[in-house]
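Structure first, then comments.
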Amino acid sequence: MRRRTLLVLALAALGGCAAPQPWVAPYERETLADPMMLFSRNAFMDKHRQHVFDVREGSRGAGDGDGGGCGCN
Amino acid sequence: MAATEARTGKTRYAGLLGQLAVALCCTCVAAVAATLPEELAEVMYHSYDGGGVQVTGPALRVRKGFGTDFSASASYYVDSISSASIDVVTSASPYTETRKELAASVDWLQGDSLMTLGYVGSDESDYQSDTVSVAVAQTFFGGMSTLSLGYARGDDTVSRVDTDFEDSISRNSYQLGWSQVVTPKILASLDYEAILETGFLNNPYRSARILGAQVPERYPRARNSHAVALRGIGMVRDNNAVELGYRWYRDTWQVQSHTLETAYVRRLRPGLTAEVSYRYYTQDPASFYADDFDAVFEFMARDKELSTFQSHTLGARVTWDLGRSLGPLQRNEISLGYDFIRFDYDDFTDIRNGELYGFDSHVFQVWFGGRW
């Protein structure tokens, strides 16, 4: 009985390790492919815009900005 | 020409070059599938005006694919700066200068992996910076998830134009990102970045104050920072998208900040898109910041970017698809962008009138891009 319980637990654990299946099928991703759904809809402009903030704030990092404009005050 | 002006942001700017290098590698990654960035020629004119500072200049970038697996880009950026900021007018005389930046990157697509090598170099009269970077992005779960890893190394040289002072900065940036398809209409991303800097991290021109008397600033020679950002974007209705984002930041100088951002994007008609945005930023000061010290301390700063302050930003952008080709360029687009930014400082005094400092800024962008 104890061995059977262990077997059931082991199978359950292995089942938990199974790779998750994509829950959004490729044919459902039309909206996601819309340019409006990009986090940066114009990377070049966003880079400059973010830089304007970065050089005037004490923080940096984990953003999608990457320079542009001088930091000189 | 700029011998005695107080300048800020140079060190901070160089740190951004590292982010530029990493971002060159990581921002092109789509959550849906690993693809090479599209071939694109871009030109932009940018303008900043606020707090007595004007920065204008052109920017160019060209990206071209080679075969099905490789893509390369090169960009050139110019800042023409005219500064009469509060730092400058309270300690020296206004100045002008020019900064030039060159960047290049190569992307290599292999299956669901995108690998990128990048370089950014910046040169101005008293600051040189070179940054190299490497990054890899891998998609999983049938294109549902993308993991990105990035590393950048920067080496800068800091100097003064009026003396033979010279020092250096070394910078290591580590970036980890995860983007996720949540539903058929929602994307999310979680990003972390650590930046480790050592060297001369303050401004060689700027002064702190002790009982009203100006003395050179003194900063620690090391700074480690951590930033975590969570973003989401969703198509709330056909042709209407909403984006939300939050970033938390903390470093070993005890600077802590919170950033909230939101944007609403609407396709007004085919080929014409408009968006409005709002950004709120609030920050706690560095442990060694003071408006006016009452004694001499080991470290002393009076950089308003290390003080306690808040900013509010209202932005708008319009993008037109011109719908016709121009020479070798097809699918040409024009974008116009504007941001109004209000800064309010809680513990930085305008010593000209004794009142707390604050100012408005205006940012304009005109962009043109064409696909091959």
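Only this structure's heavy atoms are used, side chains among them; waters, hydrogens and symmetry mates stay out.
- Annotation: side chain of A:R49 is in contact with side chain of B:T313 (closest heavy-atom distance under 4.5 Å).
- Note on B:G234, B:G369, B:G337: by heavy-atom pairs under 4.5 Å with chain A, the leading option is B:G234.
- B:Y48 and A:R56 are linked by a side-chain donor-acceptor pair at a separation below 3.5 angstrom, with hydrogens and angles left out of the test.
- Interface remark: B:F140 contributes no atoms to any contact with chain A (heavy atom separation under 4.5 Å).
- For a residue to count as touching a neighbouring chain, one of its non-hydrogen atoms must lie under 4.5 Å from one of that chain's; by this rule B:V78 does not touch chain A.
- Within the 4.5 angstrom heavy-atom criterion, no atom of B:L176 approaches chain A.
- Note that CG of B:D79 is 6.5 Å distant from NE2 of A:H51, once rounded to the nearest 0.5 Å.
- Contacts between B:L230 and chain A at a heavy-atom distance below 4.5 Å are absent for every atom of the residue.
- Within the 4.5 angstrom heavy-atom criterion, no atom of B:R250 approaches chain A.
- Separation of atoms CZ (A:F53) and OG1 (B:T259) is listed at 9.5 Å; rounding is to 0.5 Å.
- Taking the side chain as every heavy atom from C-beta outward, B:P184 and A:V24 approach each other to under 4.5 Å.
- Both the backbone and the side chain of B:V265 come within less than 4.5 Å of a heavy atom in chain A.
- Heavy-atom distances place no part of B:T319 under 4.5 Å from chain A, backbone and side chain included.
- Of all non-hydrogen atoms in B:E193 and A:G61, the two that sit nearest each other are OE1-CA, 3.2 Å.
- Summarising the geometry, atom OG1 belonging to A:T31 is positioned 11.0 Å from atom CD1 belonging to B:I186; distances are rounded to the nearest 0.5 Å.
- Listed options B:S225, B:G315, B:A241, B:A229 were ranked by heavy-atom pairs under 4.5 angstrom with chain A; first place goes to B:S225.
- Salt-bridge check for A:E57 with B:R279: passed, with a basic side-chain N closer than 4.0 Å to an acidic carboxylate O.
- With contacts defined as side-chain heavy-atom distances shorter than 4.5 Å, the pair A:V52/B:D339 does not qualify.
- In this structure, the portion of B:E275 lying under 4.5 Å from any heavy atom of chain A is its side chain and not its backbone.
- Using a 4.5 Å heavy-atom cutoff, the side chains of B:Q365 and A:F44 are not in contact.
- When heavy atoms are compared at a cutoff of 4.5 Å, B:S189 approaches chain A by way of both its backbone and its side chain.
- With rounding to the nearest 0.5 Å, the separation of CE in A:M36 from OG1 in B:T273 is 6.0 Å.
- The greatest number of non-hydrogen atom pairs below 4.5 Å with chain A, out of B:W253, B:Y281, B:Y192, B:F343, is found for B:Y281.
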- Please lay out, stage by stage, how A:H48 and B:V55 fare under the test side-chain contact (heavy atoms from CB on, under 4.5 Å). CA-CA 11 Å; A:H48 169 251; B:V55 184; over 6 Å; no
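- Using a 4.5 Å cut-off between heavy atoms, B:S277 contacts chain A through its side chain alone, with no backbone atom that close.
- For B:Y249, the ring-ring contact (aromatic ring centres under 6.0 Å, His included) test picks out no residue, with sequence neighbours left out.
- Neither the backbone nor the side chain of B:A286 has a heavy atom closer than 4.5 Å to any heavy atom of chain A.
- In this view, B:Y45 satisfies the ring-ring contact (aromatic ring centres under 6.0 Å, His included) rule with no residue, not counting sequence neighbours.
- B:D284 does not touch chain A: none of its heavy atoms, backbone or side chain, sits under 4.5 Å away.
- For B:Q310, no part lies near chain A; criterion is any non-hydrogen pair under 4.5 Å.
- To the nearest 0.5 Å, the span separating NZ on B:K185 from CE on A:M37 amounts to 9.5 Å.
- Closest heavy-atom contact between A:R29 and B:G142: NH1-O, 2.8 Å.
- Contact of the B:E333 side chain with the A:N42 side chain is not registered, since no non-hydrogen atoms from C-beta on lie closer than 4.5 Å.
- The structure places CZ of B:R247 at 10.0 Å from CZ of A:R60, a figure rounded to the nearest 0.5 Å.
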